[in-house]
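Just below is one structure, and these are the notes that go with it.
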Amino acid sequence: MLELVVLISGTGSNLRALLDAAEDAEYPARVVAIGADRDAEGLALGEEYGIPTFEVSYGNFPDRQAWGAALADQIRVWRPDLLVLSGFMRLLPHDVVAEFGPNVINTHPAFLPEFPGAHAVRDAVAAGVPETGASVIVVDDGVDSGPILVQERIPVLPTDTESTLHDRIKHVERRLLIQTVLDVANGTVDLKEASRA
Ligand code: GRF
């Protein structure tokens with residue numbers, strides 16, 4: 001049973017999809033704790049699904065390093081097999097990536113390396129591209145720059161707004177995330193190998 005800690009910053013709709021998948025006894029992974037860098041709406045999922053949560057608010061620390069050290073202290077308690085960033089809007093400091101990597105994955109609402117960063121969907125709409133995508137990557141020290149585990153193209157419709165496009169992307173992200181966690185749990189995906197690629 002792969003034990004996951006999931007980090008969020010927002011609504012946690014992708015997290016909810018993972019929690020629902022994990023309700024199936026056949027699914028070889030379970031979320032043991034949910035963490036956030038702020039008072040994220042998605043922390044309420046902890047209450048709903050009976051899973052411990054922790055909040056390490058970025059604003060409570062003098063700098064990224066101190067925040068990262070406190071975040072790592074909270075994650076370490078759960079001894080996760082895999083750290084999943086799902087709508088986590090902070091860059092993890094090097095020390096955190098070094099400690100938990102390569103067992104750290106992230107979902108991103110674009111076809112990386114296209115549109116990295118915090119405004120991927122808005123950037124795709126603004127660029128007027130005919131298609132974008134969703135990606136699951138191994139987290140490294142960069143901004144959405146780690147090895148790509150899986151990604152899928154998603155059309156951008158002329159009528160799309162950032163919101164309609166992001167909703168369509170999230171549906172794909174959730175499927176890719178659930179599949180990737182399954183693949184890591186059953187050994188189909190080897191994160192050590194992937195991170196050496
Ligand atoms: C997802 O598209 C994620 O890839 C991006 O922010 C969104 C989070 O959505 N970083 P939610 O919080 O899971 O609803």
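As the structure is a computational prediction, the values presented were derived from the model and not from experiment. Each ligand, and each atom within it, is numbered from 1 in the order the structure gives.
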*Judged by atom type as modelled, is there a donor-acceptor pair below 3.5 Å linking the side chain of Thr107 to the main-chain atoms of Leu177?*
no

*May I ask whether Val181 and Ile75 are part of the same hydrophobic cluster, defined by side-chain heavy atoms of I, L, V, M, F, W, Y residues being less than 4.5 angstrom apart, directly or through others?*
no

_What does the 4.0 Å heavy-atom contact list look like for ligand 1?_
Gly10, Thr11, Gly12, Ser13, Asn14, Gly87, Met89, Thr107, His108, Pro109, His166, Lys170, Glu173

*Would Asp73 and Arg76 pass as an ion pair if we require N to O under 4.0 Å?*
yes

*Is the number of heavy atoms from other residues, nucleotides or ligands under 6.0 Å of Glu48 CD greater than 12?*
yes

*What do you reckon, is CD of Glu23 surrounded by more than 12 foreign heavy atoms closer than 6.0 Å?*
yes

*Would you mind checking if Arg38 and Glu55 are paired as a salt bridge, meaning a charged N to carboxylate O distance below 4.0 Å?*
no

